[in-house]
A.B. asks: 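Pasting in a structure now, in structure tokens, and then I'll have a few things to ask.
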There are 2 protein chains.
Amino acid sequence: MTRYIPNFTAFGALASQDCASCPIRHRAVCAKCDGAEMDHLADMKSYRSWEAGETIALEGDVLPFVGSVVQGCATLTRSLEDGRVQMVGLLMPSDFVGRPGRTVAPYEVTAVTDLTLCMFDRERFETLLNEAPHLASRLVEMSLDELDAARDWMLLLGRKTARERVATLLALVLRRAPTDANPLRADLPLGREAMASYLGLTIETVSRQITALRRDGVIRLDGGGRTVLCDDFAALLTAAGDDEDGIMPS
Amino acid sequence: MTRYIPNFTAFGALASQDCASCPIRHRAVCAKCDGAEMDHLADMKSYRSWEAGETIALEGDVLPFVGSVVQGCATLTRSLEDGRVQMVGLLMPSDFVGRPGRTVAPYEVTAVTDLTLCMFDRERFETLLNEAPHLASRLVEMSLDELDAARDWMLLLGRKTARERVATLLALVLRRAPTDANPLRADLPLGREAMASYLGLTIETVSRQITALRRDGVIRLDGGGRTVLCDDFAALLTAAGDDEDGIMPS
DNA sequence: GCCGCGCATTGATCAAGATCAAAAAACGCT
DNA sequence: AGCGTTTTTTGATCTTGATCAATGCGCGGC
């Protein structure tokens with residue numbers, strides 16, 4: 001039974017196969033393939049880094065690569081002509097980036113922390129995809145998980161209250177945090193503005209709801225509001241309006 | 001250059017390859033494969049119909065098949081414990097249903113009109129996927145298109161006004177309508193309740209916004225509010241807050 | 001035609017969150 | 001440490017869409 005984490009990081013499911021850094025992960029992708037194909041993958045890789053705040057691609061840019069996050073954190077955003085912005089995805093380590101079969105990025109990709117990507121030339125990756133059925137069918141599953149996560153977020157954006165939205169995001173970040181110790185603790189990769197953008201709210205509302213959750217003893221803050229602590233994760237999930245515990249049968 | 005329709009129907013992209021009914025479409029999927037595989041597909045198919053209003057699967061149900069819509073219209077919905085419901089997808093003819101690699105349906109699937117599906121046994125389809133790389137890599141692209149559509153909808157749910165949401169949905173329905181004649185005309189497959197569910201609004205708000213769009217001369221109604229007419233599609237797109245015309249480079 | 005039911009529209013009021021505005025922390029820099 | 005910048009918090013008010021409550025309309029049955 002594997003832990004199902006309902007967010008935009010389903011591509012990271014690969015990382016559950018004993019590999020945290022990029023090269024090992026891509027080896028895991030091809031676990032069912034023979035050694036030759038693994039070498040082929042290793043051969044195609046390159047790395048690149050961006051600083052916090054840098055734009056990786058604008059809406060409509062040609063993206064010549066696919067790849068995955070090695071370190072750091074990036075956001076995907078879509079916007080309206082008049083400047084309204086909605087974040088549609090949050091990329092964390094081990095998440096997949098890019099679109100085999102499509103040249104153009106349909107949303108803006110921005111590094112929110114210093115970021116390193118492991119990249120493959122898109123066309124060569126597509127060729128590989130056509131030759132390695134296990135890789136392709138794994139990628140289908142991953143895309144569909146990603147789709148489920150997007151649809152979960154639609155439920156949040158369409159029906160949840162401000163408090164539930166904020167609690168949901170905090171729970172998501174805490175779940176993905178490296179430490180499992182009690183109390184749960186995680187550094188927020190996103191500032192208030194990015195959180196608001198992700199949640200379909202304004203900065204002020206996010207701030208007020210965080211204050212309210214703190215007042216109610218559901219969470220504590222540290223490090224100048226950049227670190228969340230949680231003693232009672234069940235209470236946080238209740239505040240998120242969604243007390244399923246994220247365990248799913250395969 | 002193909003028309004990019006930003007909704008949940010990206011799976012229908014297959015239908016652009018000269019095939020409207022299900023068997024032909026699946027043949028198109030395997031256009032690059034050899035004839036034997038096409039026959040294999042034909043062999044595995046079965047059909048089933050549901051009446052308007054019937055539930056096809058509940059959240060958490062085991063879905064033993066994958067397939068596609070031959071005729072009619074279905075909705076995907078996700079809900080919170082307290083009864084709040086959000087529609088997360090609208091399935092129209094030629095759209096794909098189901099999740100290779102996953103047994104459980106993560107949302108409720110309901111027929112909104114009389115509906116016929118063309119189905120494949122899920123496990124046999126997965127086997128096929130592992131054997132036919134072109135099919136798998138095509139399915140990756142389709143899933144990613146579907147993901148883009150879901151993320152477009154996140155922008156709508158997170159940032160658009162009630163008027164923009166309603167206009168967006170009407171534009172979407174008109175775009176998918178069979179007739180291209182002027183004035184544009186389409187029967188609404190969804191009642192006000194389903195529209196509200198899709199748009200993250202209430203029935204009353206949807207009704208008021210439709211009235212307002214009618215008052216402003218952007219649309220007309222017919223057939224007791226079940227048919228939309230539109231003389232000025234550009235005006236509708238403007239009201240949708242998103243006047244890109246849906247043309248996308250491949 | 002007339003009745004009854006479900007669906008859609010319209011109206012009055014309310015409340016959650018947005019907006020406008022200011023104060024308070026946190027952080028980087030010299 | 002001191003200063004300026006940026007981010008976060010807090011406060012007051014306004015607006016959009018939700019809620020509560022009728023009313024209207026279309027359609028099928030007899």
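Quick note on labels: first sequence line is chain A, next is B, and so on, each numbered from 1. All of these numbers come straight from a predicted model, not from anything done at the bench.
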A.B. asks: In this structure, how many angstroms lie between the C1' atom of D:dT16 and the CZ atom of B:R165, rounded?
C.D. replies: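 One finds 11 Å between C1' of D:dT16 and CZ of B:R165, rounded.
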
A.B. asks: Considering only D:dA18, D:dT8, C:dT10, which nucleotide approaches the side chain of B:T211 most closely?
C.D. replies: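 In terms of side-chain proximity for B:T211, the closest of D:dA18, D:dT8, C:dT10 is C:dT10.
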
A.B. asks: Give a yes or no on whether a salt bridge exists between A:R102 and B:D148, defined as a side-chain N under 4.0 angstrom from a carboxylate O.
C.D. replies: no

A.B. asks: Starting at atom CD1 of A:I203, determine the distance to atom P of C:dG17, rounded to an integer number of angstrom.
C.D. replies: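 My rounded result for the distance is 17 Å.
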
A.B. asks: Using atom CZ of B:R208 as one end and atom C1' of D:dA18 as the other, report the distance to the nearest whole Å.
C.D. replies: 9 Å

A.B. asks: For A:Q209 and D:dT9, give me the distance from atom CD to atom P, rounded to whole Å.
C.D. replies: 12 Å

A.B. asks: Compare side-chain N and O positions of A:S207 against OP1 and OP2 of D:dT10 and report whether any pair is under 4.0 Å apart.
C.D. replies: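 No, no such contact exists.
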
A.B. asks: Taking for each residue the nucleotide of DNA chain C with the nearest heavy atom, is it A:R226 or A:A162 whose nucleotide lies nearer the 5' end?
C.D. replies: A:A162

A.B. asks: Answer yes if the side chains of A:T110 and A:T55 hold a donor-acceptor pair under 3.5 Å, and no otherwise.
C.D. replies: no

A.B. asks: What heavy-atom pair brings A:D231 and A:P183 nearest, and what distance separates the two atoms?
C.D. replies: OD1-CB, 3.3 Å

A.B. asks: May I ask you to say what B:L201 touches in the nucleic acid, namely base, sugar-phosphate or nothing, with a heavy-atom cut-off under 4.0 Å?
C.D. replies: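 The answer is sugar-phosphate, as B:L201 gets under 4.0 Å only of primed atoms, P, OP1 or OP2.
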
A.B. asks: Roughly, in whole Å, what's the span from CZ in A:R192 to P in D:dT7?
C.D. replies: 12 Å

A.B. asks: Would you mind telling me which residue lines up with the more 5' stretch of DNA chain C, A:T161 or A:E204, judged by nearest nucleotide?
C.D. replies: A:T161

A.B. asks: Take atom CZ of A:R159 and atom P of D:dA18, then tell me their distance rounded to the nearest Å.
C.D. replies: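 Whole-Å distance recorded here is 8 Å.
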
A.B. asks: Between B:Q86 and A:R159, do the side chains contain a donor N or O and an acceptor N or O under 3.5 Å apart?
C.D. replies: yes

A.B. asks: Nearest whole Å is fine: how far is D:dA18 P from B:R163 CZ?
C.D. replies: 16 Å

A.B. asks: Take atom CG of B:L157 and atom C1' of D:dG17, then tell me their distance rounded to the nearest Å.
C.D. replies: 14 Å

A.B. asks: Decide side chain to side chain donor-acceptor pair (under 3.5 Å) for B:R163 and B:Q209; before the verdict, give the C-alpha distance in whole Å, the side-chain angles of both, and the deciding distance to 0.1 Å.
C.D. replies: CA-CA 6 Å; B:R163 166 180 255 249; B:Q209 295 304 330; 4.6 Å; no

A.B. asks: Nearest to the side chain of A:T202, which nucleotide is it out of C:dT19, C:dT9, D:dA18?
C.D. replies: C:dT19

